[in-house]
Amino acid sequence: MPVEKRWLSFAEDDILTAKIALENKIYNQVCFHSQQAVEKLLKGFIEGCGQRAPRTHSLRDLMNICTRIDSSFCQFDSHATILDQYYIPTRYPDALPGMLDSGLPGKNDAKEALEMAQEIMDYIKSK
């Protein structure tokens with residue numbers, strides 16, 4: 001079950017961008033690019049398994065598809081839930097107030113998001 005290479009390449013770029021943003025203390029962008037990396041990784045896995053990836057940004061929806069293909073993906077359910085919360089509020093300054101309980105993500109949130117994305121990338125690459 002290989003990951004489709006174009007999706008993987010774009011995911012790797014998002015991970016790199018997240019790392020650069022972390023070094024520069026741009027924590028909302030670390031979280032956003034971590035979410036984006038996982039979205040692309042999951043879509044790449046789905047496509048690599050011969051299925052068409054849906055046009056969605058929901059990691060939960062994509063993770064459900066991956067879990068139907070390979071039940072071992074269920075170990076990343078909590079990662080998908082956490083990273084999903086970063087898609088909109090980290091991109092737009094006028095995102096709905098209260099979308100993130102604690103406001104914009106901080107350093108610990110950013111480090112956690114990047115670690116989760118890297119963990120999923122390593123797992124998918126090992127498939």
Participant: Would you say S126's side chain and Y123's backbone share a donor-acceptor pair under 3.5 angstrom?
Facilitator: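 At least one qualifying donor-acceptor pair exists.
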Participant: Does T81 reach the side chain of Q85, with side-chain heavy atoms less than 4.5 Å apart?
Facilitator: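 Result no, sub-4.5 Å side-chain heavy-atom pair not found.
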Participant: Looking only at heavy atoms, what is the nearest atom pair of Q29 and A21, with distance?
Facilitator: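 Where Q29 meets A21 most closely, the heavy atoms are CB-CB, 4.1 Å.
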Participant: Nearest 0.5 angstrom please: L8 CG to D13 CG, how far?
Facilitator: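 The CG atom of D13 is 9.5 Å from CG of L8, to the nearest 0.5 Å.
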Participant: For the CG atom of L62 and the CZ atom of F76, what is their distance to the nearest 0.5 Å?
Facilitator: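 If I round to the nearest 0.5 Å, the distance is 14.5 Å.
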Participant: How many angstroms lie between atom CD of E115 and atom CG of L22, to the nearest 0.5 angstrom?
Facilitator: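 CG of L22 is found 9.5 Å from CD of E115.
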Participant: Could you report the tightest heavy-atom contact between G44 and W7, atom names first, then the distance?
Facilitator: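 Taking every non-hydrogen atom into account, CA-CB, 3.4 Å.
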Participant: Mind checking who shares a hydrophobic cluster with L16, ILVMFWY linked at side-chain heavy-atom distances under 4.5 Å?
Facilitator: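 In the cluster with L16 are I20.
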Participant: Quick one: side chains of residues 35-42, donor-acceptor pairs under 3.5 Å with protein atoms, not counting sequence neighbours, listed by atom name and distance.
Facilitator:
| residue | atom | partner | partner atom | Å |
| --- | --- | --- | --- | --- |
| Q35 | NE2 | H57 | O | 3.1 |
| Q36 | NE2 | E39 | OE1 | 3.1 |
| E39 | OE1 | H57 | ND1 | 3.2 |
| E39 | OE2 | K43 | NZ | 2.9 |
| E39 | OE2 | H57 | ND1 | 3.0 |
| K40 | NZ | D14 | OD2 | 2.5 |

Participant: Taking the side chain as everything from C-beta on, heavy atoms only, tell me whether P54 gets closer than 4.5 Å to D61.
Facilitator: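 Side chain of P54 against side chain of D61, heavy atoms only: no contact under 4.5 Å found.
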Participant: A quick test of your reading: do over 12 heavy atoms of other residues, nucleotides or ligands sit less than 6.0 Å from CZ of F10?
Facilitator: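 It does not: F10 CZ has 12 such atoms or fewer within range.
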Participant: Under 3.5 Å, side chain of D84 to main-chain N/O of S58, donor-acceptor pair present?
Facilitator: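 Pair absent, no side-chain N/O of D84 close to backbone of S58.
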Participant: Should the heavy atoms of other residues, nucleotides or ligands under 6.0 Å from CZ of R60 be counted, would the total exceed 12?
Facilitator: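 Enclosed.
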Participant: Indicate the atoms forming the closest heavy-atom contact of L83 with S34, along with that distance.
Facilitator: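 Reported closest heavy-atom pair: CD2-CB, 4.2 Å.
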Participant: Got a second to check how far E119's CD is from Q75's CD, nearest 0.5 Å?
Facilitator: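 With rounding to 0.5 Å, CD (E119) is 7.0 Å from CD (Q75).
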Participant: Would you say the side-chain atoms of E112 and N108 include a donor-acceptor pair closer than 3.5 Å?
Facilitator: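 Short answer, no.
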Participant: For residues V30 and Y86, determine if any side-chain heavy atom of one lies less than 4.5 Å from a side-chain heavy atom of the other.
Facilitator: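 Sidechains of Y86 and V30: no contact.
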Participant: Under 4.5 Å between side-chain heavy atoms, hopping through other hydrophobics if needed: is there a path connecting Y87 to I26?
Facilitator: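 No.
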Participant: Could you check if a side-chain atom of I82 sits within less than 4.5 angstrom of a side-chain atom of H79, using non-hydrogen atoms only?
Facilitator: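 The answer is no; the side chains never approach within 4.5 Å.
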Participant: For the pair K127 and D70, evaluate side-chain contact (heavy atoms from CB on, under 4.5 Å) and give the outcome as yes or no after the intermediate values.
Facilitator: CA-CA 10 Å; K127 289 277 177 197; D70 178 342; 2.6 Å; yes
Participant: How many angstroms lie between CE in M63 and CD1 in I120, if you round to the nearest 0.5 Å?
Facilitator: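 That separation rounds to 4.5 Å.
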Participant: Measure the spacing between CD of E12 and NZ of K5 and express it to the nearest 0.5 Å.
Facilitator: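 Here the rounded value is 10.5 Å.
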Participant: Search all heavy atoms of Y27 against all heavy atoms of A110 and return the closest pair with its distance.
Facilitator: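 Scanning both residues completely, I find the closest heavy atoms to be CD2-CB, 3.7 Å.
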